[in-house]
Amino acid sequence: MGRIAATFERLGQQSRKALIASVTAGYPHAEITPALMHVLVEAGADIIELGMPAVELRTCVQPVPDVPGDDGAGSLATRWRQILDQVAQFRLSDTATPVVLAGPARYIEGHGAWLRPAALAEAVALAGGDGVLVFDPSPTLSDALALPLRGCGLDWIVGLAPAVAEDEVRQLAGRASGYAHGRFFTGEAAVRPAELVQVQDRLWRIRQHIAIPLGLATGAGEMETARRLASMADALIIGPWLAAQLADKPAAAALAAASDLFRELRRQLDMDIPGASRASKHPPFRR
């Protein structure tokens with residue numbers, strides 16, 4: 001059993017929801033990422049999604065010789081190499097927490113890695129990753145990557161867009177593993193009750209086709225909304241909210257802010273569980 005499946009199994013036995021931190025590599029400072037990942041885990045995050053920062057696709061040279069590779073400063077291959085190095089660094093002192101590499105489909109297609117899917121899968125596995133999350137993948141990309149990832153013991157995480165159709169969900173169901181990442185709320189404003197009802201209905205329809213856990217991503221910085229969303233799904237995914245807490249802060253302050261946010265989120269998610277600890281497993285991050 002892989003780390004992602006083991007994490008959801010453990011949490012399910014405890015009647016707890018998974019708390020997933022969605023981090024952009026190198027944000028808000030170039031060298032902060034491994035330390036930030038550790039702080040988030042210590043504060044209560046169960047899974048880390050490590051996303052690629054924005055890059056100009058025109059800097060990519062196709063085809064690239066290998067994965068990982070180097071086709072120029074700031075290129076996709078260089079960014080992939082940097083992210084894999086950060087995962088490997090994190091793994092030196094944490095061999096338990098699942099790490100998922102995430103990014104838009106155009107980053108993988110622009111890199112040309114889907115032409116050599118086995119090389120990509122092997123590189124992610126060697127670095128210590130547990131899966132790959134691609135938003136809006138084409139059927140061609142899904143077919144090309146799903147099997148090699150599975151062959152390396154990795155999960156092909158499905159990113160579900162707000163307008164995803166049931167036919168598309170059915171097509172993805174046979175390839176997906178680990179969990180599904182639902183992006184049904186695109187803004188940072190508070191979620192309206194009518195939206196919650198719509199998403200609850202959408203989740204019910206998705207569950208008719210996908211048996212893996214479902215996570216909901218939210219950008220709204222409101223604890224009550226976070227609790228309500230978590231109650232509807234198997235995992236709560238926090239990305240833009242975390243990024244907003246880190247923005248314009250020096251490294252130490254950013255790490256402290258991330259710790260504070262995820263400790264409170266973990267506490268909120270565990271509030272309704274009989275006998276659950278209200279505190280995280282580690283002391284607060286020291287500023």
Search all heavy atoms of [X] against all heavy atoms of [Y] and return the closest pair with its distance.
{"X": "Ala25", "Y": "Ile83", "value": "CB-CG1, 3.8 Å"}
{"X": "Ala176", "Y": "Ile212", "value": "CB-CD1, 3.9 Å"}
{"X": "Asp94", "Y": "Ala96", "value": "OD1-N, 2.9 Å"}
{"X": "Leu154", "Y": "Ala121", "value": "CD1-O, 3.4 Å"}
{"X": "Ala21", "Y": "Ala45", "value": "CB-CB, 4.2 Å"}
{"X": "Ala254", "Y": "Leu246", "value": "O-CD2, 3.2 Å"}

Run Arg175 and Asp143 through salt bridge (charged side-chain N to carboxylate O under 4.0 Å, His left out) and show every step you take. CA-CA 8 Å; Arg175 309 180 186 101; Asp143 289 338; 2.7 Å; yes

Counting only N and O atoms by type, is there a donor-acceptor contact under 3.5 Å from the side chain of [X] to the main-chain atoms of [Y]?
{"X": "Arg3", "Y": "Thr95", "answer": "yes"}
{"X": "Thr33", "Y": "Gly26", "answer": "yes"}
{"X": "Ser259", "Y": "Ala256", "answer": "no"}

Should we count CG of Asp248 as having more than 12 external heavy atoms under 6.0 Å?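 Not more than 12 within 6.0 Å, no.
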
With a 4.5 Å cut-off on side-chain heavy atoms, are [Y] and [X] touching?
{"X": "Leu101", "Y": "Leu84", "value": "yes"}
{"X": "Val100", "Y": "Asp155", "value": "no"}
{"X": "Arg16", "Y": "Arg266", "value": "yes"}
{"X": "Asp234", "Y": "Tyr179", "value": "no"}
{"X": "Ile47", "Y": "Thr97", "value": "no"}
{"X": "Leu242", "Y": "Phe262", "value": "yes"}

Does [X] share a hydrophobic cluster with [Y], counting links as ILVMFWY side-chain heavy atoms below 4.5 Å and allowing steps through other members?
{"X": "Met232", "Y": "Leu236", "value": "yes"}
{"X": "Met223", "Y": "Ile238", "value": "yes"}
{"X": "Tyr27", "Y": "Val41", "value": "yes"}

To the nearest 0.5 Å, how far apart are [atom1] in [X] and [atom2] in [Y]?
{"X": "Gln208", "Y": "Trp204", "atom1": "CD", "atom2": "CH2", "result": "4.0 Å"}
{"X": "Leu19", "Y": "Arg263", "atom1": "CG", "atom2": "CZ", "result": "12.0 Å"}
{"X": "Leu149", "Y": "Ser177", "atom1": "CG", "atom2": "OG", "result": "8.0 Å"}
{"X": "Glu49", "Y": "Thr24", "atom1": "CD", "atom2": "OG1", "result": "10.5 Å"}
{"X": "Leu40", "Y": "Ile48", "atom1": "CG", "atom2": "CD1", "result": "5.0 Å"}
{"X": "Thr218", "Y": "Arg183", "atom1": "OG1", "atom2": "CZ", "result": "13.5 Å"}

So His181 and Phe135, would you call those rings parallel, tilted or perpendicular, with 30° and 60° as cut-offs?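 Ring orientation, 0 to 90° scale: perpendicular.
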
As a quick check of understanding, evaluate side-chain contact (heavy atoms from CB on, under 4.5 Å) for Trp156 and Val132, giving each step before the final call. CA-CA 5 Å; Trp156 175 245; Val132 174; 4.3 Å; yes

Any donor-acceptor N or O pair under 3.5 Å, side chains Gln82, Gln86: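 Note: Gln82 and Gln86 side chains miss the donor-acceptor criterion.
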
Going by an N to O cut-off under 4.0 Å, is there a salt bridge joining Lys17 and Asp46?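 Salt bridge flag = no for Asp46 with Lys17.
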
Arg91 and Asp130: CA distance, side-chain angles, deciding distance, salt bridge (charged side-chain N to carboxylate O under 4.0 Å, His left out) verdict: CA-CA 11 Å; Arg91 279 283 171 250; Asp130 297 279; 2.8 Å; yes

